[in-house]
J.: 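Take a look at the following structure, please.
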Amino acid sequence: MNSDIQINIPTPAIPGDDLIKFESTTDVRETIYAMKEGKSVLITEFYSNGMLLLKELHKHLKNRLPNKTFSEQRAYRAEYHQLSNQILVKIKKQEVALKKAPSIGWLEKLYPDNNSFFLTFPQVQGLNSAWQWYKNGIKVPVLRNKIHPFYGTYFPTRFDHLILFDNWLKRYDGAKKTAIDIGIGSGVLSFQMIQHGFQKVFGTDTNPNAIVGLKEFMGDTKLSRKIDLIYGNLFGNIEKETELIVFNPPWLPAHTSVENIDEAIYYNKNLFPKFFAEANNRLSKDGKLVILFSNLAEITNVSKEHPIEKELAKGIRFKLEKCLKKTVKTSSDKTKRNANWRAAEEVQLWILTKV
């Protein structure tokens with residue numbers, strides 16, 4: 001693995017000349033309207049002042065924007081994202097320069113030589129949450145040990161698709177010499193395969209944080225000798241054939257108008273055609289191609305096209321051996337968002353073989 005990989009970190013914000021300060025006695029309504037005019041806001045005094053302003057911003061947007069359908073929720077989040085990122089916080093000597101602010105270890109790890117700069121309040125919140133996950137670890141039902149996801153690395157928050165994959169692995173009776181995990185993320189699928197007896201897993205990712213984070217997590221343990229990490233798109237520099245290829249792709253198509261998309265959530269139109277073409281050259285004659293997917297795009301009316309069904313319809317490279325499905329657990333009563341379509345959601349495990 002290239003030790004010179006540069007990880008992604010939150011880019012420090014550059015405050016404009018018309019920066020206004022927000023403290024406990026500042027008029028919230030006037031501040032929000034100033035933000036809508038393009039002004040940035042600096043949180044002063046207490047960390048809780050930033051929390052207060054975000055809470056009031058949510059209230060303001062809920063009063064003027066519909067937030068029921070999937071597309072409305074997406075538009076709501078886009079505007080909230082834009083306005084909330086105009087709220088700034090001063091970072092001084094790797095600490096949040098506010099009273100009663102949380103201690104965030106990432107500030108020292110990611111900015112060791114930057115003693116004075118600004119971040120947006122959502123960036124600071126994200127760093128704080130990521131630090132708690134990294135420090136305390138996350139229990140995943142299908143793994144023996146907790147994972148400790150590095151900053152900026154995808155990790156699962158729901159586990160239905162992982163349980164589906166684990167149940168399939170228990171019944172898998174093919175060769176277990178090698179496997180390839182496309183988009184290794186926090187390593188869960190690779191760890192599952194090692195637990196079920198695979199001798200070697202090659203994990204790729206375009207996210208440098210995933211590669212650096214897993215290298216740090218595995219250290220010099222036995223796991224590091226069983227999992228090879230490759231920084232690259234799809235199959236990276238892997239040329240050899242393998243018995244099993246596993247892919248947990250994004251489940252939603254990106255809109256062409258969206259820039260800087262989150263590639264862990266949204267896929268572009270070229271992802272699946274390129275993946276299937278490359279997978280055809282890497283899968284052994286009797287190997288299995290396993291894809292974890294969902295009907296999310298269909299039930300939310302984002303797209304009627306299913307990329308796996310589209311590939312199978314061609315009948316050129318792959319054929320369907322089996323498609324396993326599992327209904328997603330209903331959201332808790334506390335989570336009202338998306339309740340109108342969540343009941344119809346299912347995760348899918350597609351097992352393909354060569355034609």
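For clarity, every value in this text was computed on a predicted model and none was experimentally measured.
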J.: Using side-chain heavy atoms (C-beta onward) and a distance below 4.5 Å, is Phe293 in contact with Pro249?
T.: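 Answer yes - side chains close enough.
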J.: Are any non-hydrogen side-chain atoms of Val140 and Lys146 less than 4.5 angstrom apart?
T.: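 A side-chain contact under 4.5 Å is absent here.
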J.: Starting from the C-alpha separation in whole Å, work towards a yes-or-no answer on ring pair (Phe, Tyr, Trp, His ring centres under 6.0 Å) for Phe150 and Phe155.
T.: CA-CA 9 Å; Phe150 196 81; Phe155 64 89; over 10 Å; no
J.: Among side-chain atoms of His58 and Tyr76, is any donor-acceptor pair under 3.5 angstrom?
T.: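 Judged by distance alone, the side chains do pair up.
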J.: Under 4.5 Å between any side-chain heavy atoms of Leu110 and Tyr151, yes or no?
T.: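 Yes, side chains in contact.
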J.: Does any non-hydrogen side-chain atom of Ile91 lie less than 4.5 Å from one of Tyr111?
T.: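 The answer is no; the side chains never approach within 4.5 Å.
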J.: Report yes or no: do Lys55 and His60 form a side-chain donor-acceptor pair below 3.5 Å?
T.: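 No, His60 and Lys55 have no side-chain donor paired with an acceptor closer than 3.5 Å.
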J.: State whether a side-chain donor-acceptor pair under 3.5 Å links Thr178 with Glu243.
T.: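 Present: a donor and an acceptor within the cut-off.
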J.: Is it true that Arg64 and Glu79 have a side-chain N and a carboxylate O under 4.0 angstrom from each other?
T.: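 Salt bridge between Arg64 and Glu79, a charged N being under 4.0 Å from a carboxylate O: yes.
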J.: Return the minimal non-hydrogen interatomic distance between Val302 and Pro253, and the atom names on each side.
T.: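 That would be CG1-CG, 3.8 Å.
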J.: Between Arg282 and Glu241 (salt bridge meaning N to carboxylate O under 4.0 Å), is one present in this structure?
T.: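 Salt bridge flag = no for Glu241 with Arg282.
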J.: Minimum heavy-atom separation for Leu214 to Leu229, with atom names?
T.: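 Looking at all heavy atoms of both residues, the closest pair is CB-CD1, 3.8 Å.
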J.: Tell me, with the steps shown, if Asn295 and His306 meet side-chain hydrogen bond (donor to acceptor under 3.5 Å, both in side chains).
T.: CA-CA 8 Å; Asn295 66 342; His306 195 298; over 6 Å; no
J.: Go through the side-chain N and O atoms of Asn136 and His148 and say whether any donor and acceptor fall under 3.5 Å apart.
T.: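 Checked: Asn136/His148 side chains show no N/O donor-acceptor pair below 3.5 Å.
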J.: Starting from the C-alpha separation in whole Å, work towards a yes-or-no answer on side-chain hydrogen bond (donor to acceptor under 3.5 Å, both in side chains) for Glu23 and Asn49.
T.: CA-CA 6 Å; Glu23 54 190 34; Asn49 289 336; over 6 Å; no
J.: Are Val41 and Leu19 linked, directly or through intermediate hydrophobic residues, by side-chain heavy-atom contacts shorter than 4.5 Å (ILVMFWY only)?
T.: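 Cluster IDs for Leu19 and Val41 differ.
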J.: Students often mix this up, so state it plainly: with edges at 30° and 60°, are the rings of Trp251 and His161 parallel, tilted or perpendicular?
T.: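 Answer is perpendicular, since the angle exceeds 60°.
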J.: State, with a plain yes or no, whether a side-chain heavy atom of Thr44 is found less than 4.5 Å away from one of Thr26.
T.: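 A side-chain contact under 4.5 Å is absent here.
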J.: May I ask you to say whether Asp160 pairs ionically with Lys326, meaning some side-chain N is under 4.0 Å from a carboxylate O?
T.: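 Looking at Asp160 and Lys326, the cut-off is met.
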J.: In terms of side-chain heavy atoms, does Gln348 have a donor or acceptor partner in Trp350 at a distance below 3.5 Å?
T.: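 Short answer, yes.
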J.: Is the NZ or CZ atom of Lys99 positioned over Phe46's six-membered ring, under 6.0 angstrom from the centre and within 45° of the axis?
T.: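 Output yes; distance and angle both within limits.
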J.: Are any of the side-chain nitrogens in Glu345 or Arg158 under 4.0 Å away from the carboxylate oxygens of its partner?
T.: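 Yes, Glu345 and Arg158 are salt-bridged.
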J.: Tell me, do Phe118 and Leu42 make a side-chain contact under 4.5 Å, heavy atoms counted?
T.: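 A side-chain contact under 4.5 Å exists here.
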J.: Any carboxylate oxygen within less than 4.0 angstrom of a Lys/Arg side-chain nitrogen, looking at Glu305 and Lys310?
T.: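 Yes.
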J.: Judged by modelled atom types alone, do Thr153 and Asn209 share a side-chain donor-acceptor pair under 3.5 Å?
T.: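 Short answer, no.
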